[in-house]
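Working notes for the structure below.
Lettering of chains follows the sequences in order, A, B, ..., and the numbering in each one begins at 1.
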2 protein chains.
Amino acid sequence: MRKSTPGGIDLIWTQPPPPPRQRALGRDEIVTAAIGVADESGLDAMTMKAVAARLGDYTPMALYRYVHNKDGLVDLMLDAAAAEIPLPAQPGPDWREDLRTLAMDSRRMIGRHPWFARLVHTRPPAGPHMMRRLEFMLAVLTRRGATVAAAMTYAALIDRHITGSGLQEAEEARIERRYGLDDSAKLFAALATLHELAAADGGLPHLTGWFAQPSGPTPAEQFTLGLGFLLDGIAGRLSSHAADGV
Amino acid sequence: MRKSTPGGIDLIWTQPPPPPRQRALGRDEIVTAAIGVADESGLDAMTMKAVAARLGDYTPMALYRYVHNKDGLVDLMLDAAAAEIPLPAQPGPDWREDLRTLAMDSRRMIGRHPWFARLVHTRPPAGPHMMRRLEFMLAVLTRRGATVAAAMTYAALIDRHITGSGLQEAEEARIERRYGLDDSAKLFAALATLHELAAADGGLPHLTGWFAQPSGPTPAEQFTLGLGFLLDGIAGRLSSHAADGV
DNA sequence: TACGATGTCTATATAACGTATACTCGCTCT
DNA sequence: AGAGCGAGTATACGTTATATAGACATCGTA
């Protein structure tokens with residue numbers, strides 16, 4: 001940054017030796033920094049300024065040589081995150097297991113990068129890793145007799161479930177964070193507010209009851225449940241027109 | 001707005017008679033205006049200034065008396081949109097049909113208000129209409145033997161599918177709009193770019209093929225397909241522990 | 001060793017956003 | 001008639017992203 005000091009002659013002695021120039025930033029460093037900021041401080045905190053600061057003594061404008069846009073940076077972040085999802089070289093023997101583990105791994109990635117679910121829908125999914133992941137799903141499904149068009153649909157359904165879950169969990173976490181995460185009393189108070197609202201309506205017995213004593217499967221269990229529903233549905237479709245052998 | 005004219009004495013004659021004061025804005029008008037702006041010009045165009053302008057000769061600050069911040073306005077918008085979803089007074093005889101039409105109506109609403117899917121995850125779902133809608137789903141499901149906790153899960157799965165579809169369709173529309181919606185050549189060019197990207201990778205045969213000749217079910221068909229999968233899955237769960245009569 | 005060229009980063013400026021604060025002014029009620 | 005209130009305005013501030021222009025170290029070449 002190194003702003004000039006206005007008013008007050010700055011002798012050489014007062015200034016420490018300037019930091020080395022030509023530090024040669026790069027896309028990778030920038031993207032990692034951006035992901036770090038977004039992971040730790042949330043998507044709203046991921047400003048160009050914050051990313052530049054995390055990289056050291058840089059101005060926001062320094063990044064523009066490498067990413068020309070914030071949207072560009074977002075694209076790179078999304079694909080970097082997608083790259084974290086392990087991808088088998090070839091579909092395995094069990095299509096269902098292939099899709100299941102891919103979905104679970106994707107979910108885990110989103111758990112590490114909650115911003116992913118919010119950003120993925122704002123950009124065209126043209127990153128190479130995103131594409132390779134989709135290609136894998138298509139390979140798994142078409143090998144089982146699905147047309148590419150049908151496979152695209154099934155893949156979209158699964159991805160919708162993954163990002164939808166991620167979105168919801170991330171939002172719950174964000175709200176908890178916003179209203180004091182560490183303090184479980186705060187959380188209780190927030191819930192109590194909702195309970196009051198529901199009770200005040202008068203016509204919401206089930207909801208009011210649930211708020212009084214919230215319970216249910218964990219998010220992970222909900223996720224696998226829904227995933228199972230979708231895979232079952234896909235299985236039904238696959239078997240119906242895949243009369244040919246494996 | 002009626003800004004003072006800087007530099008240049010404004011005689012009374014140059015100014016038309018001032019518009020009637022005490023116009024008494026209200027939440028309803030503001031929310032309708034905000035929804036109108038968001039529907040017509042997109043979520044990004046929905047600024048306080050734009051909403052105020054749509055209401056007539058108002059400054060952005062005029063709104064703050066009624067909504068105290070933009071998040072509050074968003075909450076009101078979300079609930080107003082939720083209010084558009086028709087809700088039977090009582091669950092009908094066929095739980096599946098109840099959930100199906102609710103889902104279809106919700107989807108139709110999102111079709112009218114594409115911003116809904118993007119906003120709904122950013123705020124706690126505490127609006128009265130949102131709650132009543134959820135209560136209805138709970139009523140339908142618990143009446144069939146589900147616990148409230150299980151019903152909450154099923155409802156979440158369905159809603160995830162609804163908003164996920166909405167998000168995806170809205171995004172596709174937004175991208176098309178961004179790169180020239182009326183011009184189908186532009187759209188073709190965008191698709192060609194994706195095709196090139198996929199082809200350049202070399203290892204994406206299915207995806208490349210699909211880009212060369214995109215096809216598949218309409219979004220509406222995809223939606224009902226996925227919804228069917230989920231309802232089937234829920235049905236399986238319901239029947240398993242609902243040995244008691246209706 | 002001197003010197004442009006190049007490439008990297010900084011400084012500055014702009015337009016738009018949400019919104020706090022302080023005000024103006026007309027209506028209404030006494 | 002005059003006080004008070006309530007609706008809307010004006011202005012200002014701190015943030016964004018980003019265009020534009022300039023500073024300056026390093027490098028290739030002489």
Show the distances under 3.5 angstrom between N or O atoms of the protein and N or O atoms of nucleotides 16-19 of chain C.
from: dG18(C); atom 1: OP1; to: K70(B); atom 2: NZ; distance (Å): 2.7
from: dG18(C); atom 1: OP2; to: M48(B); atom 2: N; distance (Å): 3.2
from: dT19(C); atom 1: OP2; to: Y64(B); atom 2: OH; distance (Å): 3.0
from: dT19(C); atom 1: OP2; to: K70(B); atom 2: N; distance (Å): 2.9

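Side chain of Y58(B), nearest nucleotide from dT9(D), dT10(C), dA7(D): dT9(D).
Between the C1' atom of dA7(D) and the CZ atom of R27(B) lies a distance of 16 Å, rounded to the nearest Å. Atom pair Y66(A):OH and dG7(C):P shows a separation of 12 Å (rounding to whole Å applied). Taking atom CG on L55(A) and atom P on dT8(C), their separation rounds to 15 Å, with Å as the unit.
Not counting sequence neighbours, the partners of H206(A) by the side-chain contact (heavy atoms from CB on, under 4.5 Å) test are E135(B), L138(B), A139(B), T142(B), V148(B). Annotation: side-chain hydrogen bond (donor to acceptor under 3.5 Å, both in side chains) contacts of D105(B) (sequence neighbours excluded): R108(B). For S165(A), the side-chain hydrogen bond (donor to acceptor under 3.5 Å, both in side chains) partners are R160(B), not counting sequence neighbours. In this structure L230(A) satisfies the side-chain contact (heavy atoms from CB on, under 4.5 Å) test together with H161(A), F229(B), L230(B), sequence neighbours excluded.
Looking at R65(A), its side chain has no donor and acceptor atom pair within 3.5 Å of the base of dG7(C).
Within the structure, side chain to side chain donor-acceptor pair (under 3.5 Å) pairs that include any residue of residues 188-204 of chain B comprise R132(A)-D201(B) (at least two apart or interchain).
For the residue pair R118(A) and T122(B), no side-chain donor N or O sits within less than 3.5 Å of a side-chain acceptor on the partner.
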